[in-house]
Participant: 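Provided herewith is a single structure, encoded as structure tokens, for subsequent inquiry.
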Amino acid sequence: MRFGHFDDEAREYVIATPRTPYPWINYLGTEEFFSLISHTGGGYCFYRDARFRRLLRYRYNNSPTDVGGRAFYIRDGDDVWSPAWMPIKPKLDSFECRHGLGTTKIRGSRNGVTAEMFYLVPLGETAEVCRLTLTNDSKTPKALKVFSFVEFCLWNAWDDQTNFQRNFSTGEVEVEGSTIYHVTEYRERRNHYAVFGVNAPIAGFDTDRETFIGLYNGLHEPEVVLTGSPRNSTASGWAPIGSHCLEVSIAPGEGRDFVFVLGYVENPVDDKWEKPGEVNKEPARALMSRFSDSAQVEAAVAKLRDYWSSLLGTYVLESPDERLNRMVNTWNPYQCMVTFNQSRSASYFESGIGRGMGFRDSNQDLLGFVHLIPERARQRILDIAATQFSDGSAYHQYQPLTKRGNHDIGSGFNDDPLWLIVGVAAYIKETGDFEILSEEVPFDNDEANTASLFEHLRRSFHFTLENLGPHGLPLIGRADWNDCLNLNCFSETPDEPYQTTANREGRTAESVFIAGQFVYTASDYAALADHMGFTEEATAAREHAASMKEAILEHGWDGDWFLRAYDFFGHKVGSHECEDGQIFIEPQGFCVMAGVGVEDGKALRALDSVAERLATPYGIVLNQPAYSGYHVELGEISSYPPGYKENAGIFCHNNPWVMIAETRVGRGDRAFDYYKRIAPAYLEEISEIHRTEPYVYSQMVAGRDAVREGEAKNSWLTGTAAWNYVAIAHHMLGVRPELDGLRVSPRIGAEVPSFSVTRKCRGAVYRIRVVNSLAHDEPRLVVDGTAIEGTLVSYAAAGATVDVECET
Ligand code: BGC
Ligand code: NOJ
């Protein structure tokens, strides 16, 4: 069942009913100020850091779900309603929400009045702008009262939800004209405040939640709106809010619009005050004046559209499959940009107060946006590398505001270092910027201890080699990519974390996944070493990769698939000998991507085992059989009920590894089949089962063992976005930058008989037309009219246009 449709022309998803199976959200903002906004206006916004600079209060895991954030109320005579449906849930004559690229438009109508809220965070601004348009579609004049509403967060989102003995006494506001200032803690160490204004005279305001709503009332029955009279309340402690009351008369057939601005303002520390006790409002007035009419909003919208058109113009697909086009051209790269901006911090499943930037997550996210914003990817790489230790290991997470490694979690996730090589290689392939390898980068942010970025990569690579176990396979440490495979943490009490309570000396537990990752990474690492003139290092790296391959084939092969690991006692994990957890997806994908077992048929066998044992209609589950009980020697994985998360859920992040592996062994049709099982645009028709947004990937879909099979959770912030993009754009459609040229080597099966890709890379434009006849073992290429050997198109000079004809 669908709850809306894609408008491909406008690049919007159009939601036709407020009763979606879960709040369907969007992100506004591209630089420093971000908003989460659901289809009924729920959500919140923050400046740079969702924990420390949160502007709006949001209550997670609430019932009813998703109340709060922002709201409008309309009083039309005695009828009171909310045009975004929530919080009053009135019967609406029409409802529509359009989530687009950095914009959200919500429209509701009732009794001849239509209200449209158009939200965006303009480029270059630290503010959420909302243009409210009211039209009178009836035959009689309307005299309306409109009430805005936001509830302020007292900045630190963690304290805001926990430290009530303090919070209930600190709240402060100021009001000037039509502008409300939220100035809690400004009197002491803060030099920032929030501002909420509207470009019209107001009939009154409220800033105290209890006065506005009533202590025992819900947001669906605010006393002020029910009585129709603002009380000009001034918050003092308790819960500061912002509410304007506008009196609006509209003749039949006419409309009015208003511009609301909710912004973050920072003053110089020595220029905090206008006069004693009054905050410096100058920058806020300037902000308001930049959005004092609708035309200014229009201009900001136009700029934002250009920004997105230019970003998304880097890789443009035209194929007969409209669902594929909308994934590749719009929604998948859009989600990749959101993961760039948010990492795993703020979504409807991530509270914004928990995790910092992940070392492995950020490196993998980069794969999905490096072609869109290479300069920002460069900075990201340098930031990440600066959180590495000099022995090559790395902080598992770092904080976005400080860019410092996170001591609470520390290091010891032994896949982390290798992801840096993956990220850097992707960046150089995209840009040709080998210079980055010579940048001096600190270890652990210590400017007194620096080395070139290449040296960082060298230490990453050698970290694995210096930490091999009894079978010559890499030690797993606290966990590898699978955070829940905790083979050195024997946790028996519920109050300790699975991942950081390492209470065994971890020199035995080994990971076949990291072994595959090592071989996969080695070829790029060796090529970069060659480019740097480090020939011996390159040769040695290739030899190490060859030995690791041997070790995998000897100790990491179970007969029909690749083993997952050896545990602390040297027992196999992911073997037919095991009772539960006999086969895992990760090593099948990564070992085959690395080319292990391709020559001797093991790769094909492993992928066939995936098809037989792990593939389901909703995607490929992580392991089978699911663990039915807790295994202290395996850790968190066995803590989940069967079918959820890492315990046999469909972890969408690793499905594309199998897709890429299938293209590696020439089975593009299987790859594309797996792709369609999890790509959101193909799941639109089963939204009632899938539940999360049909325009973005979710981290997990409940697997076949789960009570709620097919139900997705954790949409938006997941490495799924980047890897699925790589799988489809680079490997199935087959257009990918390599160090020495643009590879054009599609493997997508007969279902897509022809397509074209326009790819911008290193300043040139490649117009690639593919006839997918599947007649040849290797695709045949004609470049600017001349047939070439192989599938690598040499990079052209910046400004050039290259025509490529490809027949498969
Ligand atoms: C989740 C993992 C996640 C980890 C982060 C676990 O509870 O299952 O998916 O990577 O937490 O710390
Ligand atoms: C989510 C985490 O962010 C990621 O780092 C990890 O690899 C996966 N879960 C799998 O556990």
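Both ligands and their constituent atoms are indexed starting at 1 by order of listing. Keep in mind that what you see is a predicted model, and the values were worked out from it rather than measured.
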Participant: Return the closest protein heavy atom for atom 11 (O) of ligand 2 as residue, atom name and distance.
Facilitator: Glu646 OE2, 2.5 Å
Participant: Return the residue, atom name and 0.1 Å-rounded distance of the protein heavy atom closest to atom 4 (C) of ligand 2.
Facilitator: Asp361 OD1, 3.3 Å
Participant: Would you mind checking which non-hydrogen protein atom is closest to atom 5 (C) of ligand 1, with the distance to 0.1 Å?
Facilitator: Arg355 NH1, 3.6 Å
Participant: Taking 4.0 angstrom as the limit and counting only heavy atoms of Asp483, give me the atoms of ligand 2 inside it, by number and element.
Facilitator: 2 (C), 4 (C), 5 (O), 6 (C), 11 (O)
Participant: With a cut-off of 6.0 Å (strictly less than), are more than 12 heavy atoms of other residues, nucleotides or ligands near CZ of Arg504?
Facilitator: yes
Participant: Between Trp481 and ligand 2, does any nitrogen or oxygen pair lie at a separation below 3.5 Å?
Facilitator: yes
Participant: Under a 4.0 angstrom heavy-atom cut-off, which atoms of ligand 1 come close to Tyr640?
Facilitator: 1 (C), 6 (C), 7 (O), 8 (O)
Participant: Out of all atoms in ligand 2, which are within 4.0 Å of some heavy atom of Phe651? Include the element for each.
Facilitator: 8 (C), 9 (N), 10 (C)
Participant: Which atoms of ligand 2 sit under 4.0 Å from any heavy atom of Asn482?
Facilitator: 11 (O)
Participant: Please state which part of Phe651 comes within less than 4.0 Å of ligand 1, counting heavy atoms only: side chain, backbone, both or neither.
Facilitator: side chain
Participant: Quick one: does ligand 1 sit under 4.0 Å from the side chain of Tyr498, the backbone, both or neither, non-hydrogen atoms only?
Facilitator: neither
Participant: Given His544, which of Thr464, Val519, Leu465 fulfils the side-chain contact (heavy atoms from CB on, under 4.5 Å) condition?
Facilitator: Leu465
Participant: Give the atoms of ligand 1, by number and element, whose distance to some non-hydrogen atom of Gln499 is under 4.0 Å.
Facilitator: 4 (C), 11 (O), 12 (O)
Participant: Would you mind checking if Arg376 and Asp383 are paired as a salt bridge, meaning a charged N to carboxylate O distance below 4.0 Å?
Facilitator: no
Participant: Among Asp483, Asp480, Asp365, exactly one meets salt bridge (charged side-chain N to carboxylate O under 4.0 Å, His left out) together with Arg360. Which residue is that?
Facilitator: Asp483
Participant: Gln699 near ligand 2, heavy-atom distance under 4.0 Å?
Facilitator: yes
